[in-house]
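The sequence lines fix the lettering, A, B, ..., with proteins before strands; numbering per chain opens at 1.
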Amino acid sequence: MKVLTVNFLTCAVKTCKTSPEAFPLHFRDAELAQQDLEFNPEFIKNMLLRLDWNAFRVTTSELGFSTIPAEKPEGDALNDETLLRDLHKVLLETQVMEGKLVCGHCAHEYAIKEGIANFLLPNHLV
Amino acid sequence: MLPTPSTSHVSFDNVYEPAEDSFLLLDALSAPSETAFLQHRFPAATASSGAATPAPLVVEVGTGSGVVLAFVTAHAKTIFGHTNVLTLATDVNRFACEAAQRTVQTAIKDVCDSDTQTPTTSAAPASSAAFLSPVLSDLTSAIRPGEIDMLIFNPPYVPTEELPILPSTHSIDTSAGSNQGVSSHSIFERDSYLLSLSYAGGADGMETTDRLLEQIPTILHPERGVAYLLLCAQNRPEDVKARIRAWGNGWAAETVATSGKTAGWERLQIVRIWRP
Ligand SMILES: [Zn+2]
């Protein structure tokens, strides 16, 4: 799964939906892989408009990416090709192949196997 | 006609095989009336101002082989008029998630190869959206409320006496079998069960669709959101649309494509659900 995916996911447990602690889910023991994709600055700019920047910062710091600015780039900063290429690399080219996503509210762990996260719940949580 | 994505790598022993319903969705989503609607709802950044617009997130629920999402992803340029689009698939069947991943990636590569006469150079602008991931989950349960701009659902719509029980975290053994000591009989049972999840809809074929409809007002983006839902005649589509309109708050439901007309009845139809 692309790192960007986790910006749109939350805990599958119903009672967690309204909890701010359930977003973003936290990566644990993540094994990463890189996939080369064509760099498209227009795509990055449009995608940034809908990205939850604070959640993205949490995710990237957990995965060990240190070059992400504290504030979402706007205006002239969007012409900084180095920054856009960094974002392209983290958001689109970085895949999480194995590991877990953990809910910060209920502590439930969702396993990631071969790039696919398993959000099916055990019977007692459905 | 846009090419249909290849699913030749998929084992249809345990993943729903693309059929008339899948192809009706492809036709509906690439018809001029629907692409005009989508291009108006999810406009590209205007050339004059250069202002960016939020990239829409397209989610196919119960993606199966992934043929529909692969089509939308690979042909984003034609459907949306631009490729600043994100796509994501969900399914309760791990085999389907794996199949869909490959179907989408293959479709992106195929359309890219046909765009650039020489496949080794990728200088031409891409025609495809960005595919995020398949997610093994029940309906939209793993997706953050309000994030989905376009939802596509080809549900289990066949009326059946019973609704199969949904799989839980570890209930399906997806290991290959032979070296695990799993008998061919139990593999057959497992595969029959997985296929039943793709078609068995319970009472009126609506039990799963009703659960999805309940989620639509919270899961879709409050302004931009639109859903495409496939229904068959036994689902009583006129009643379904009337119920959606009765949500109030500006919700609309219209049939945008039909197929298999017999004796005045449309066997299958696609309903668009949105707030104009
Ligand atoms: Zn939780």
Side-chain angles (χ1 to χ4, degrees), chain A residues 1-14 16-18 22-25 35-52 55 74 78-79 88 91-93 95-96 101 103 108-126, chain B residues 42 44-45 50-57 59 82-86 88-94 97-98 100-101 105 108 112 122-126 128-149 165-172 174 218 221 224:
Chain A
M1 63 189 294
K2 287 184 171 57
V3 167
L4 176 55
T5 314
V6 79
N7 213 259
F8 306 116
L9 299 180
T10 186
C11 184
V13 176
K14 264 207 181 77
C16 288
K17 296 284 177 212
T18 51
F23 179 80
L25 298 170
Q35 177 193 21
D36 282 337
L37 290 170
E38 194 185 338
F39 172 61
N40 178 352
E42 288 312 307
F43 176 87
I44 300 291
K45 288 180 204 174
N46 287 273
M47 192 272 306
L48 276 177
L49 283 181
R50 68 162 308 145
L51 190 73
D52 186 307
E74 285 171 16
L78 291 173
N79 298 322
H88 169 76
L91 287 163
L92 294 177
E93 294 193 322
Q95 307 262 355
V96 180
L101 281 167
C103 175
H108 190 71
E109 297 182 347
Y110 299 97
I112 304 165
K113 266 173 67 182
E114 293 172 8
I116 297 171
N118 180 354
F119 280 83
L120 298 176
L121 293 169
N123 288 323
H124 68 276
L125 286 177
V126 174
Chain B
F42 305 112
T53 55
L57 174 67
V59 174
H82 60 90
T83 60
N84 303 320
V85 177
L86 304 159
L88 184 149
T90 78
D91 206 290
V92 289
N93 175 352
R94 171 171 276 275
C97 288
E98 288 168 359
Q101 170 128 295
Q105 284 167 351
I108 291 172
C112 183
S122 56
S128 302
F131 174 61
L132 294 174
S133 177
V135 177
L136 181 58
S137 67
D138 173 39
L139 301 180
T140 62
S141 63
I143 301 180
R144 207 175 170 220
E147 290 287 352
I148 301 178
D149 294 293
I165 296 164
L166 280 176
S168 59
T169 317
H170 300 295
S171 65
I172 311 283
T174 52
T218 47
H221 185 277
R224 303 189 297 261

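Considering only heavy-atom pairs separated by less than 4.5 Å from chain A, the leading option among Gln101(B), Arg94(B), His82(B), His170(B) is Arg94(B). Counting heavy-atom pairs closer than 4.5 Å to chain A, the top-ranked of the candidates Ser133(B), Ala55(B), Pro54(B) is Ala55(B). Counting heavy-atom pairs closer than 4.5 Å to chain B, the top residue among Leu51(A), Leu48(A), Asn46(A), Asn123(A) is Asn46(A). Note: Leu86(B) leads Leu88(B), Leu86(B), Val92(B) in heavy-atom pairs under 4.5 Å with chain A.
Within the 4.5 angstrom heavy-atom criterion, atoms from both the backbone and the side chain of Glu98(B) approach chain A. Neither the backbone nor the side chain of Thr218(B) comes within contact range of chain A; no heavy atoms are under 4.5 Å apart. At a 4.5 Å heavy-atom cutoff, Val59(B) makes no contact with chain A through either its backbone or its side chain. Neither the backbone nor the side chain of Lys14(A) comes within contact range of chain B, judged by heavy atoms closer than 4.5 Å. Looking at Leu57(B), the atoms closer than 4.5 Å to chain A (heavy atoms on both sides) sit in the backbone and in the side chain alike. If you measure heavy-atom distances from Phe23(A) to chain B, the contacts under 4.5 Å come from the side chain alone. For a residue to count as touching a neighbouring chain, one of its non-hydrogen atoms must lie under 4.5 Å from one of that chain's; by this rule Leu9(A) touches chain B with backbone and side chain alike. Looking at Asp91(B), neither its backbone nor its side chain comes within 4.5 Å of chain A, counting heavy atoms on both sides. For Ile143(B), the parts lying near chain A are the backbone and the side chain together; criterion is any non-hydrogen pair under 4.5 Å.
For the atom pair CG of Leu132(B) and CG of Leu4(A), the computed distance is 5.0 Å after rounding to the nearest 0.5 Å. Atom SG of residue Cys97(B) and atom CE of residue Met1(A) lie 11.5 Å apart, to the nearest 0.5 angstrom. Atom CG of residue Leu37(A) and atom OG of residue Ser128(B) lie 11.0 Å apart, to the nearest 0.5 angstrom.
Taking the side chain as every heavy atom from C-beta outward, Arg50(A) and Arg224(B) approach each other to under 4.5 Å.
What you find for Arg144(B) and Asp52(A) is that their closest heavy atoms are NH1-OD2, 3.7 Å. Across Phe8(A) and Glu147(B), no two heavy atoms sit closer than the pair CD2-OE1, 3.6 Å. Across all non-hydrogen atoms, the minimal contact from Thr83(B) to Phe43(A) is O-CD1, 3.7 Å. Residue Thr169(B) comes nearest to Pro122(A) through the heavy atom pair OG1-N, 2.8 Å, listed as atom of the first residue, atom of the second, then distance.
A donor-acceptor pair under 3.5 Å is absent between the side-chain atoms of Asp138(B) and the main chain of Leu120(A), judged by distance alone.
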